Amino acid sequence: MYVIKRLITMVVTLWIIMTLTFVIMNSIPGDPFASDAKSLPEEIVKNMRAKYNLDEPLPVQYVLYMKDLLHFDFGPSIQSKTRDVNTLIAEGFLPSAILGLQAMVVAIILGLALGIIAALNHNRGLDYLSMIVAIVGISVPSFILAPLLIKYGAVEAGILPVASWGTWQHTILPTIALAVGPLAIIARFVRTSMLEVLSQNYMKTAEAKGLSTVYIVCKHGIRNAIIPVISFIGPLFASIITGTFVVEKIFAIPGIGKYFVDSIFNRDYPVILGTTIFYSTILVLTLFLIDLCYRFVDPRIKMTSGSE
Amino acid sequence: MKKLSLYILTVILVVLTALSGCGKNEKTAQGGSAKEVDQTITANLGGEPYTLDPAFASDTTSYWVIDHLYEGLYSYDKNGKVVKGTASKVDVSEDGKTYTFTIRDDAKWSNGDAVTANDFEYSWKRVLNPKTAAYDPSSFYYIKGAEEYNTGKGSVDDVAIKAEDEKTLVVQLDTPIKFFPTVLQGHGFLPVNQQVVEADEKWAAEAEGIVSNGAYVVSAWKHNDEITLDKNKEHWNTKNIGLDSIKFKMIADATTEYQMFKSKELDLVKSIPSEAIDQEKSSDEYISSPSFSVYTYSFNVNEKPFTNKKIRQAFAYAIDRDAITKNVSKGGEKAAYGYVAYGAEAPSGKDFRDEVSDYYSFDADKAKKLLKEGLKEEGWSTLPEVTLKYNSEANHKKIAEALQEMFKENLGVETVLENQEWKTYIDSFKQKNFQIARMGWVGDFLDPYPVLNLYSTKSSSNFTNWSNTKYDKLLSDSLVEQDEAKRYELLHQAEELLMTEMPIIPIYFSSQNALVSKKVEGIRFDALTSPDLRFAKVTE
């Protein structure tokens, strides 16, 4: 019952997002067919608009779009002319998802490690070191980190390719560039919640029972400390596997990150809608899965739909 | 607890060493492979070509690939001269209105089909068909019946493009324009294979579907990543084509592209970041060449104070263009003391630009004097507030700020700056919602006419509100003038008039700054199109 209700809410949420996007995107000035100020003759523009149903009034366009959407058809890309939005997303999602997953794995593992090290060494050298690493990670934006990685990791050292896509070596630098920010944030989250957990009575009890530190931390510590981290990982996961504009651009990754930005600059309406809906779908799905996750991590959290 | 942290640290260290170790293996693999000299180069396209169907292409990225795939009736030779391409013979009637093209007997499509006159008739009418919604049908409007058909006022049967037989194409013009061969170099005029297009509407979306008649074919297309062109064995001129294979990478970031050139992953970078120009200027891999484009500021001559010609001139004289190109834009640009950019060759053999001297200069005293006179003519005691508009991308902001400073310094005029994102900007530009605003133009083809014509009264791209019957007449006379020298004279007169009336102030002519690996020679840089790689060779 709970799951069904959630699914219905998700569809409604998506519909609202789609409608809002439709309204907002049509209210920004600009024309998909005007790439520069050289004006095409009016008749030519009219022909082009007709081809994409843009000559219809907005409500009609909306209905036509909804109709296609019910068949999971995002329509053609105005910019690309010969390719449709479904293909763009399908092709671009794979590289973005691979990078995103790799970055998430790296970020979670190292983030957890850094956070735990810091918490266990509270207010000592390792704590400060971990947190310096974390603060640097948060403060250095990817558009600075990525060129630095290219300069020192690829050009100077000559061990890795500068950019582009193909072999797994190509994924190393962008994975690092993507992972550093989330890693740092996760580390800080884990440290805070771990510190709190460490002072709990059940931890003291476990210690008093003579259990080893590793066992206590792994069995009781991480499990409790990770709950706030999970709620943060959800949205992060959704946004990172759907690609990022900056990192994908700098490393020339054929992902979908650029469509989120370029489509708006180009006023490529079907791509704006397609990418927004795609991203929102992944986001609500992830949030849903995260909620399910909670239950496994902490059985005290109940799946209820009422107001208990 | 200490044990645990030690343990975790060790794990991190092991992972890191493993990662860097993997990288090292790759290096030895690369260094170990023997380098053979094959005729392949890797260039950067800059991004995904939106389409490889010449009827719809509208951006330089797509054009660069398309130029290597298809061949029109005319083509460019090694030196950039317009020569016969798919046509082996061209007859022009006495009155300049009828062109009869004979298609080469050995002209073939990459699938082995013969290229026929029919293919051209089909392709051109396809562009004109209003349902096709092609990008550039307007350059066909010189042809009889073309505009009527395209705008839904006439029938396809009245379009004077006819394949008389397999190999003969007859085209009739409304206006006997002398530069029709140059117009025919436009991408809309490239042929497509009728059977292929009719069989699949999306034939140009993937490598497999594309059938071309030019120097190269698409052998692989990894979208947003890389496109590989191989020599078209069926092409009539294939023995003179240099490279066996061209790899186009799609790297959008200028710094990455530059780094890839430095690490020898790219052999050609067609526009380097302006920060790198100073560093590369003395390198023998650096090539700077003119681009047929001009960077201007447009006045709205219906908006005060630019209703007055002298005030417009005053602003033009107040700009130190050399300082802008040397210290602000820094991309190897040339200060513009005229409107038509370098690149159009006059019948005298000289460049159109070099045939005449500067129309104005940087002269602060003269600028102040003109401003004073202008104010007096209008009866104003002070200048109404002036807002300078530009779009927020690239270095337009820096240039706008330099201008603001120069107007203040040299004219004593305070201006307000305002910027907008590109599409919003062109929207308000087209609504003539500005006093003075930035705009740049690239010529449609290498002739002064199309760029000058932008400011004719009829032009749909003239947003200055400036209209001058004498100017219009000079341009329309130039269209029918059959003597090239006289035609250029008319165009010079038109430019002089434009530069006296000053509805626009040219700032600079852009240039292309490329890096070419030393092992490659024979790349031709063109003022209008992207580098021509067809006759290039790898030497070492």
Side-chain angles (χ1 to χ4, degrees), chain A residues 28-31 34-44 47-48 50-51 79-83 87-88 91-92 109-110 113 116-117 120-121 126 147 150-151 153-155 157-169 172 213-214 217 249-255 258 265-267, chain B residues 1 3-5 7-9 11-12 19-20 22-24 26-27 48 50-53 56 58-59 130-135 137-138 150-152 202 204-205 222-226 249-253 255-256 259-260 262-263 265 421-424 426-430 439 441 454 460-461 463:
Chain A
I28 42 176
D31 179 345
S35 49
D36 60 30
K38 232 174 247 177
S39 262
L40 296 169
E42 213 172 293
E43 280 85 3
I44 297 172
N47 292 336
M48 288 178 168
K51 192 173 171 182
Q79 260 311 314
S80 166
K81 284 132 194 162
T82 38
R83 314 188 66 230
T87 330
L88 294 185
E91 277 179 3
I109 293 178
L110 297 186
I116 293 169
I117 293 172
L120 294 180
N121 299 285
L126 272 179
I150 289 182
K151 183 151 174 45
V155 180
I159 38 177
L160 289 171
V162 172
S164 186
W165 189 246
T167 62
W168 63 268
Q169 284 97 339
I172 295 178
T213 318
V214 176
V217 168
K249 186 179 173 209
I250 293 177
F251 287 101
I253 309 292
K258 65 172 185 156
F265 283 135
N266 293 329
R267 308 291 191 271
Chain B
M1 276 205 204
K3 257 190 216 157
L4 177 73
S5 44
Y7 169 76
I8 290 169
L9 258 184
V11 170
I12 293 172
L19 277 177
S20 56
C22 299
K24 267 178 201 129
E26 210 244 341
K27 187 192 180 186
E48 166 86 357
Y50 287 129
T51 177
L52 294 183
D53 183 336
F56 299 108
S58 62
D59 60 294
K131 288 226 174 62
T132 310
Y135 176 70
S138 55
N150 183 242
T151 53
K202 295 195 167 171
K222 287 191 243 159
H223 294 285
N224 286 305
D225 184 22
E226 181 180 293
K249 294 297 247 171
M250 302 173 195
I251 294 129
D253 190 81
T255 316
T256 307
Q259 300 285 17
M260 282 181 84
K262 289 274 135 192
S263 65
E265 286 171 69
E421 172 264 346
W422 178 237
K423 288 249 174 173
T424 315
I426 50 178
D427 213 52
S428 68
F429 186 78
K430 285 178 177 179
M439 193 43 69
W441 298 122
L454 289 170
S460 56
S461 303
F463 302 104

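The structure displayed is predicted, hence computed values, not measured ones.
- You'll find the side chain of B:Tyr135 stays beyond 4.5 Å of the side chain of B:Thr51, heavy atoms only.
- Between chain B and the residues A:Ile253, A:Ile109, A:Asn266, A:Thr87, the most heavy-atom pairs under 4.5 angstrom are made by A:Asn266.
- Contact check for A:Lys258 versus B:Asn224: side-chain heavy atoms found under the 4.5 Å cut-off.
- With a 4.5 angstrom heavy-atom cutoff, A:Lys249 touches chain B via backbone and side-chain atoms both.
- Of all heavy-atom pairs between B:Ala204 and B:Leu52, the closest is CB-C, 4.0 Å.
- When each of A:Gly255, A:Gly92, A:Ala154, A:Ser164 is scored by its heavy-atom pairs under 4.5 Å with chain B, the top score falls to A:Ser164.
- Interface remark: B:Met250 contributes backbone atoms only to the contact with chain A (heavy atom separation under 4.5 Å).
- Contacts between B:Glu421 and chain A at a heavy-atom distance below 4.5 Å involve the side chain alone, from C-beta outward.
- Proximity to chain A involves both the backbone and the side chain of B:Thr256, based on heavy atoms less than 4.5 angstrom apart.
- Most heavy-atom pairs under 4.5 Å with chain A: of the set B:Asp225, B:Ile251, B:Asn150, B:Thr132, this distinction falls to B:Asp225.
- Each of A:Leu88, A:Ile250, A:Ile150 has some count of heavy-atom pairs under 4.5 Å with chain B, and the biggest count is that of A:Ile250.
- Put simply, the side chain of A:Ile28 does not reach to within 4.5 Å of the side chain of B:Thr424, judged on heavy atoms.
- Judged by distance alone, the side chain of B:Lys423 and the main-chain N or O of A:Pro29 form no donor-acceptor pair under 3.5 Å.
- If you measure heavy-atom distances from B:Asp427 to chain A, the contacts under 4.5 Å come from the side chain alone.
- Looking at B:Thr255, there are no atoms closer than 4.5 Å to chain A (heavy atoms on both sides), in backbone or side chain.
- When all heavy atoms are compared, the tightest approach of B:Ala205 to A:Arg83 is O-NE, 4.0 Å.
- The greatest number of non-hydrogen atom pairs below 4.5 Å with chain A, out of B:Lys131, B:Lys249, B:Glu265, is found for B:Glu265.
- Considering only heavy atoms from C-beta on, B:Ile426 comes within 4.5 Å of B:Met439 through its side chain.
- Heavy-atom minimum distance, A:Asn47 versus B:Ala133: O-CB, 3.6 Å.
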